[in-house]
Trainee: 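Could you have a look at this structure, given as structure tokens, before my questions?
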Amino acid sequence: MKKIYAVDINLIDDINESARSVHPDEFLCLLSAEDGVINEMVMLPGTVYGDSHSFLSMWMAPANCNIIGSAHSHPDFYNDASDDDLDLFSNMGGYHIITCMPYDRTSWRIYNSKGEDAELEIVNQVI
């Protein structure tokens with residue numbers, strides 16, 4: 001696996017659209033990368049979206065998928081990581097995106113597994 005150096009802005013748009021679609025509940029998915037770019041949401045069957053927490057079962061993750069982290073939404077105006085978020089980050093991959101209202105290109109933040117801001121390039125891959 002190539003070192004992660006970037007996130008695709010189209011993925012951010014997709015995460016925000018998904019967050020809007022389940023608002024006021026929290027959205028949750030896994031992330032995968034290709035050629036060093038985080039570029040895909042991995043949706044797991046049976047994921048439960050709730051008003052303060054969402055849940056997924058890693059048993060439902062495809063075996064051949066390169067999971068590198070997670071993405072979820074906060075149905076308010078804060079994308080700061082909570083204690084529960086930090087616990088998730090430390091146990092599930094190296095990169096984690098939190099988006100919040102208004103769910104746009106300015107409302108997201110990416111963290112590393114330690115809960116620190118991750119410094120990744122933003123790219124626009126042609127789909």
Side-chain angles (χ1 to χ4, degrees):
M1 171 69 188
K2 188 174 182 180
K3 182 181 183 310
I4 303 296
Y5 71 92
V7 61
D8 186 351
I9 195 64
N10 296 301
L11 171 68
I12 300 303
D13 292 343
D14 291 345
I15 291 168
N16 281 319
E17 180 61 32
S18 298
R20 275 191 294 276
S21 75
V22 300
H23 184 85
D25 290 335
E26 285 191 359
F27 171 72
L28 175 63
C29 70
L30 299 178
L31 299 171
S32 68
E34 186 176 348
D35 297 327
V37 178
I38 303 171
N39 63 352
E40 186 175 25
M41 292 190 304
V42 179
M43 308 295 291
L44 300 186
T47 298
V48 176
Y49 305 123
D51 59 357
S52 63
H53 290 86
S54 293
F55 304 94
L56 54 77
S57 172
M58 286 303 293
W59 292 102
M60 300 302 286
N64 63 346
C65 192
N66 182 24
I67 303 298
I68 57 87
S70 67
H72 75 278
S73 65
H74 287 173
D76 56 27
F77 292 95
Y78 302 98
N79 57 16
D80 296 333
S82 68
D83 289 341
D84 288 337
D85 293 336
L86 295 174
D87 186 49
L88 172 73
F89 296 173
S90 68
N91 292 303
M92 189 183 302
Y95 295 96
H96 304 275
I97 295 171
I98 298 177
T99 193
C100 63
M101 292 174 54
Y103 308 121
D104 63 20
R105 288 186 174 182
T106 66
S107 64
W108 65 282
R109 191 169 170 189
I110 189 162
Y111 297 89
N112 65 22
S113 61
K114 296 177 184 177
E116 303 162 335
D117 287 320
E119 297 294 327
L120 296 180
E121 183 180 338
I122 308 301
V123 298
N124 188 356
Q125 294 183 318
V126 177
I127 299 175

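Worth saying up front: this structure is predicted, and the values here are computed from it rather than measured.
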Trainee: Decide side chain to side chain contact (heavy atoms under 4.5 Å, CB included) for Cys29 and Val42; before the verdict, give the C-alpha distance in whole Å, the side-chain angles of both, and the deciding distance to 0.1 Å.
Mentor: CA-CA 6 Å; Cys29 70; Val42 179; over 6 Å; no

Trainee: If only atom types and distance count, is the side chain of Tyr111 paired as donor or acceptor with the main-chain N or O of Ala81 below 3.5 Å?
Mentor: yes

Trainee: More than 12 heavy atoms of other residues, nucleotides or ligands under 6.0 Å from CD of Glu119: yes or no?
Mentor: no

Trainee: Are the side chain of Asp85 and the backbone N or O of Ser82 linked by a donor-acceptor pair below 3.5 Å?
Mentor: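 Checking the backbone N and O of Ser82 against the side chain of Asp85, a donor-acceptor pair under 3.5 Å is found.
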
Trainee: So among Ile12, Leu120, Asp8, which one has a side chain to side chain contact (heavy atoms under 4.5 Å, CB included) with Ile38?
Mentor: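 Exactly one candidate clears the test, Leu120.
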
Trainee: Taking the side chain as every heavy atom from C-beta outward, state whether Leu11 and Leu31 have any pair of such atoms under 4.5 Å apart.
Mentor: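 A side-chain contact exists here, since the closest heavy-atom pair is under 4.5 Å.
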
Trainee: Please name the residue in the list Asn79, Ile15, Ile98 that meets the side chain to side chain contact (heavy atoms under 4.5 Å, CB included) test with His72.
Mentor: Ile98

Trainee: Determine whether Met41 and Ile68 fall in the same hydrophobic cluster, where Ile, Leu, Val, Met, Phe, Trp and Tyr are linked whenever their side-chain heavy atoms lie under 4.5 Å apart.
Mentor: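 Same hydrophobic cluster.
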
Trainee: Given side chain to side chain contact (heavy atoms under 4.5 Å, CB included), test Met101 with Tyr78 step by step and report yes or no.
Mentor: CA-CA 8 Å; Met101 292 174 54; Tyr78 302 98; over 6 Å; no

Trainee: Does some side-chain heavy atom of Phe27 sit less than 4.5 Å from a side-chain heavy atom of Arg20?
Mentor: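 The answer is no; the side chains never approach within 4.5 Å.
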
Trainee: Quick check, are the ring centers of Phe89 and His96 under 6.0 angstrom apart?
Mentor: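 Yes, the ring centres sit under 6.0 Å apart.
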
Trainee: Okay, side chain of Arg109, backbone of Thr99: is any donor-acceptor separation there less than 3.5 Å?
Mentor: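 Side chain of Arg109 to backbone of Thr99: no pair is present.
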
Trainee: Under a 3.5 Å threshold, yes or no: a donor from one side chain and an acceptor from the other, between Asn16 and Asp104?
Mentor: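 There is no such pair between these side chains.
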
Trainee: Using the side chain to side chain contact (heavy atoms under 4.5 Å, CB included) rule, take Ile122 and Val7 through it: C-alpha gap first, then chi angles, then the decisive distance, then the call.
Mentor: CA-CA 5 Å; Ile122 308 301; Val7 61; 3.5 Å; yes

Trainee: Is the closest side-chain heavy-atom distance between Ser113 and Ser90 below 4.5 Å?
Mentor: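 No, too far: nothing below the 4.5 Å cut-off.
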
Trainee: Determine whether the side chains of Glu40 and Ser32 contain a donor N or O and an acceptor N or O closer than 3.5 Å.
Mentor: yes

Trainee: Is a side-chain N or O of Asn10 found less than 3.5 angstrom from the main chain of Gln125, in a donor-acceptor match?
Mentor: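 Judged by distance alone, yes, a pair lies under 3.5 Å.
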
Trainee: In this structure, are over 12 heavy atoms from other groups packed under 6.0 Å from Asp83 atom CG?
Mentor: no

Trainee: Kindly work out whether a path of hydrophobic side-chain contacts (I/L/V/M/F/W/Y, heavy atoms less than 4.5 Å apart) joins Trp108 to Ile4.
Mentor: yes

Trainee: Can you confirm whether Tyr5 is buried at OH, in the sense that more than 12 heavy atoms of other residues, nucleotides or ligands lie under 6.0 Å from that atom?
Mentor: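 Count over threshold, so yes.
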
